[in-house]
Q: 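Right, I'll just put the structure down here and ask away after.
Letters A, B, ... mirror the listed sequences (proteins, then strands); counts begin at 1.
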Amino acid sequence: MVKAVVALLMVVSFMQAYELNAQMKDFMNSLLTEAKKQNPNLKEFDYARGEKIFTAEQIGKKGNKISCVTCHTADLSKKGLNENTNKVIEPLSPSANSKRFSDVKEVKKWLRRNFKDVYNREGSAQEQGDVVTYIINKK
Amino acid sequence: MKKLVITSLLIAGSLLAESSSSFEGRKGVAPATDSLYLKECGSCHFAYQPGLLPSRSWVKVMENLSDHFGTDASVEGADSSKILKYLKDNSTEKFKNYKKTKSIYDSIATTETPIAVTKTRYFVQKHREIGCELIKQKEVKSLSNCMACHTKADKGSYSEREINIPNYGRWEDE
């Protein structure tokens, strides 16, 4: 019985989405409002769409093949490497690095820059929401 | 007569100032200390000291951040003007009593506006003897990566005995 409860608790905690702080929740809500304006059928942000945005290779700003994985690696709990400068990047997952996704200004700035590097344009509200949903919930 | 005395006093004074400043001259370049600068310009690479380039170069760098060496490094609004002010207040022109800053300053023609330290004449001349394989190796990748070899670059110190090139070691001048 105890075992079953523990197992159940584990399952529940596994399924639970990562809890963002208040300013980040506001940011995600405003992205969702914006995204729904552009796409009235949209219900919520989607992990699988975010995964595709994060992992799909593009021809980036420099004309080379690049994806978000290039610098952040596929395992978001591990350190990455900036392929342009050779500088180590601390893990992107907020479960591994509590500073991540705590400051809206930082998040907006890097989404703007990194989308430009990989997709040659800014991400739409839906794309930004999807990719953040993927990054914060990836186990 | 009076004029002559004043002029010679002025000359003597400036000579004195010149010699005392080179006497007190400090090694290396002034370390970067501004926390906004360190955060914003140290996130992708080593935060190059402002005393490594002249003011006009920093203006050019800051004006082109959305296409910065092939990457988007844009900084918005007030942060951008604060960073530019810090860079201009501490550029090569302001820190000529630091030995390396003066050498770099002297090597840049007033008609040039380099946007990379690694493109300045002084830098090129100092690094021309380093073998290509030592630069291209994965621990270094490019000469822009100062910290890979100058172990105290973040302190503004570039002295020869602090150099440690990965898979090579200390640099001894022949």
Side-chain angles (χ1 to χ4, degrees), chain A residues 23 27 30 53-54 57-73 78-92 94 97-124 127-128 131 135, chain B residues 32 35-48 52 61-62 64-83 115-119 130 132-151 153-154 164-167:
Chain A
Q23 54 159 301
F27 171 60
S30 65
I53 293 167
F54 199 85
E57 263 192 349
Q58 309 293 319
I59 301 297
K61 191 177 173 76
K62 288 171 92 174
N64 300 343
K65 276 195 186 156
I66 188 170
S67 73
C68 311
V69 173
T70 310
C71 294
H72 292 296
T73 80
K78 295 238 165 67
K79 290 184 183 191
L81 189 69
N82 190 325
E83 73 140 16
N84 292 325
T85 60
N86 227 27
K87 188 174 178 344
V88 169
I89 302 176
E90 293 303 316
L92 199 52
N97 179 356
S98 60
K99 284 199 210 118
R100 296 294 187 204
F101 299 94
S102 58
D103 182 348
V104 172
K105 192 179 167 195
E106 279 296 293
V107 173
K108 278 178 153 172
K109 180 179 72 190
W110 285 105
L111 287 176
R112 181 185 75 233
R113 289 174 174 172
N114 291 167
F115 261 97
K116 289 259 187 75
D117 277 3
V118 177
Y119 287 88
N120 272 303
R121 58 171 176 81
E122 291 200 22
S124 68
E127 288 171 323
Q128 292 185 45
V131 84
I135 299 169
Chain B
S35 58
L36 179 67
Y37 178 74
L38 293 173
K39 174 167 176 268
E40 290 300 332
C41 304
S43 54
C44 290
H45 49 62
F46 165 66
Y48 305 106
L52 291 170
V61 167
M62 293 303 293
N64 295 296
L65 284 179
S66 54
D67 193 2
H68 177 76
F69 301 89
T71 193
D72 187 304
S74 53
V75 177
E76 292 195 321
D79 283 353
S80 167
S81 25
K82 280 187 215 159
I83 292 170
I115 56 162
V117 188
T118 51
K119 296 282 181 293
I130 305 168
C132 181
E133 69 293 348
L134 291 180
I135 297 167
K136 289 281 161 255
Q137 61 174 326
K138 72 174 188 338
E139 290 86 348
V140 182
K141 284 268 271 293
S142 106
L143 278 177
S144 309
N145 195 2
C146 320
M147 280 296 281
C149 305
H150 295 279
T151 56
D154 55 344
N164 186 358
I165 305 181
N167 301 311

Q: Where does Ser142(B) contact chain A at under 4.5 Å (heavy atoms): side chain, backbone, both or neither?
A: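 Interface part for Ser142(B): neither.
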Q: For the CG atom of Leu81(A) and the NZ atom of Lys141(B), what is their distance to the nearest 0.5 Å?
A: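 The distance works out to 6.0 Å.
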Q: Do other residues, nucleotides or ligands put more than 12 heavy atoms under 6.0 Å from the CD atom of Glu76(B)?
A: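 For Glu76(B), atom CD is not crowded (no more than 12 foreign heavy atoms under 6.0 Å).
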Q: Going by heavy atoms in the side chains, are His68(B) and Arg113(A) under 4.5 Å from each other?
A: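 Not in contact.
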Q: Can you tell which of Asn86(A), Thr85(A), Ile89(A) has the highest number of heavy-atom pairs within less than 4.5 Å of chain B?
A: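 Option with the top pair count is Asn86(A).
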Q: Looking only at heavy atoms and a cut-off of under 4.5 Å, which of Lys109(A), Lys105(A), Lys61(A), Lys62(A) has the most pairs with chain B?
A: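 Sorted descending by pairs with chain B, the first entry is Lys61(A).
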Q: Please flag which part of Val75(B) lies under 4.5 Å from any non-hydrogen atom of chain A: side chain, backbone, both or neither.
A: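 For Val75(B), heavy atoms of backbone and side chain both lie under 4.5 Å from chain A.
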Q: Ignoring hydrogens and angles, tell me if any N or O in the side chain of Asp117(A) forms a donor-acceptor pair with the backbone of Asp72(B) under 3.5 Å.
A: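 Yes, Asp117(A) side chain to Asp72(B) backbone: donor-acceptor pair under 3.5 Å.
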Q: For Glu90(A), which atoms come within 4.5 Å of any heavy atom of chain B: side chain, backbone, both, or neither?
A: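 Contact with chain B involves no heavy atom of Glu90(A) at all.
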Q: In terms of heavy-atom proximity below 4.5 Å to chain A, should Ser144(B) be classed as side chain, backbone, both, or neither?
A: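 Neither part, no heavy atoms under 4.5 Å.
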Q: First locate atom NZ of Lys116(A), then atom OG of Ser66(B), and finally report the distance between them rounded to the nearest 0.5 Å.
A: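 These two atoms lie 6.0 Å from each other.
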